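Inspection log for the structure reproduced underneath, given as structure tokens.
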Number of protein chains: 2
Amino acid sequence: MQLNSYQPNRLDITFAALADPTRRAILERLMTGEATVTELVKPFSLSQPAISKHLRVLEQAGLVSRGRDAQKRPVRLEAQPLAEATVWLEHYRQIWEANYQRLDTLLEELKTRSETPTPKGAKQ
Amino acid sequence: MQLNSYQPNRLDITFAALADPTRRAILERLMTGEATVTELVKPFSLSQPAISKHLRVLEQAGLVSRGRDAQKRPVRLEAQPLAEATVWLEHYRQIWEANYQRLDTLLEELKTRSETPTPKGAKQ
DNA sequence: GTTGTATATTACTATTTAGTTATGCAACTA
DNA sequence: TAGTTGCATAACTAAATAGTAATATACAAC
């Protein structure tokens, strides 16, 4: 958005965070419970700072939160933004499906109607 | 992903497409039915090429498809990727909530158990 | 055939993103 | 106190993104 600096909202940030496969993998790992940064680094062929960066993105999206245990900074999942994103998706998907349904029945209606003598531009 | 060129998968592309507020607004508009490009440009203070670009992103994500009507290229919503994204979110959200629930009931259980004189690591 | 309308494409710019290596720092451990 | 562990931060680079203005194309209408 070049000039006119746009303030990204919650949904922007959540979806952007979810758009990266590494970050989704981190979330999946966290489904099984808390993890430290080094534990999260292990499964990936990425540097520790790279993972720390991803964690920052996830944290800013509110998708994870951090604790403190000596020099460790355990990461745990926070599900609320996932819930919000789901609500958005579900809402619009359902509206669409309702419309689709309506279109479907409309087409059905038109088809049966065309079986009776059709006026208009009918090539018949 | 710098070198080692990573092929973005469906979920990457879908979430990335949904991360932009303009694109979400376009999808919302399309919930009310098909629209031409110029119709989609109107509500925004963006140039026509900018909207065309957004449409390309949405199309590549499979979230919209295009028709043809003379020089117009009507855009309509396709809901399947929305469904897939919803499935992902719902899946992980539910796992998380299950864990959360389990932790909750576990804590509850521990609390009530501690009211009877239960010996330490007692399996009863 | 000229003009107008709807959209795509091109060429360019600024910003953001995802990665790297190197370094810093806090807290535990011997 | 010296070394080690766990993580963050800094400085940099390459690539992707979101926008622009200008131009091209394709069809319609006169």
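Every chain is numbered from 1 and lettered A, B, ... according to where its sequence line falls, protein lines coming before strand lines. Note that this is a predicted model, so its numbers are computed, not measured. All heavy atoms count here, side chains included; hydrogens, waters and symmetry mates do not.
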Check: Does CZ belonging to Arg56(B) count more than 12 external heavy atoms closer than 6.0 Å?
Finding: no
Next item on the list: Give a yes or no on whether a donor-acceptor pair under 3.5 Å exists between the nucleobase atoms of dA8(C), that is its base, and the side chain of Gln48(B).
Entry: yes
Note to self: Has Arg66(B) got a side-chain atom pairing as donor or acceptor with Arg73(B)'s backbone, closer than 3.5 angstrom?
What the structure shows: yes
Next item on the list: Without swapping roles, check the side chain of Arg23(B) against the backbone of Ala17(B) for a donor-acceptor pair under 3.5 Å.
Entry: yes
Within the pair [X] and [N], is there a side-chain N or O less than 4.0 Å away from OP1 or OP2?
X        : N       : value
His54(B) : dG19(D) : yes
Ser47(A) : dG19(C) : no
Ser52(B) : dA8(C)  : yes

Can you tell which of [options] lies closest to the side chain of [X]?
X        : options                  : answer
Gln71(B) : dT20(D), dC7(D), dT5(C)  : dT5(C)
Ala70(B) : dC27(D), dC7(D), dA18(C) : dC27(D)
Pro49(A) : dT9(D), dA27(C), dT20(D) : dT9(D)

Check: Heavy-atom contacts under 4.0 Å between residues 57-66 of chain B and DNA chain C, which residues?
Finding: Arg66(B)
Just how far, in rounded Å, is [atom2] of [N] from [atom1] of [X]?
X        : N       : atom1 : atom2 : value
Lys72(A) : dT4(D)  : NZ    : P     : 18 Å
Arg73(A) : dA26(C) : CZ    : C1'   : 11 Å
Arg24(A) : dA18(C) : CZ    : C1'   : 15 Å
Asp69(B) : dA26(D) : CG    : C1'   : 14 Å
Lys42(B) : dA6(C)  : NZ    : C1'   : 12 Å
Leu55(A) : dA8(D)  : CG    : C1'   : 11 Å
Phe44(A) : dT20(C) : CZ    : C1'   : 17 Å
Lys53(B) : dT15(C) : NZ    : C1'   : 13 Å

Check: Which angle, to the nearest 10 degrees, lies between the helix axes at the two ends of the helix from dG1(C)-dC30(D) to dA30(C)-dT1(D), each defined by five pairs?
Finding: 10°
Rounded to the nearest 0.5 Å, how far apart are [atom1] of [X] and [atom2] of [Y]?
X        : Y        : atom1 : atom2 : answer
Asp20(B) : Leu11(A) : CG    : CG    : 11.5 Å
Ser52(A) : Leu40(A) : OG    : CG    : 9.5 Å
Leu18(B) : Leu89(A) : CG    : CG    : 6.0 Å

Specify the closest pair of heavy atoms between [X] and [Y], including all atoms of both residues, with the distance to one decimal.
X        : Y        : result
Ala61(A) : Arg10(A) : O-NE, 3.8 Å
Phe44(B) : Ala25(B) : CZ-CB, 3.6 Å
Leu30(A) : Val75(A) : CD2-O, 3.5 Å

Next item on the list: Can you run down the salt bridge (charged side-chain N to carboxylate O under 4.0 Å, His left out) pairs that involve residues 79-93 of chain A, sequence neighbours left out, and say none if there aren't any?
Entry: Glu90(A)-Arg93(A), Arg93(A)-Glu97(A)
Next item on the list: Name the nucleic acid region contacted by Arg68(A), choosing base, sugar-phosphate or nothing; use a 4.0 angstrom heavy-atom cut-off, strictly under.
Entry: nothing
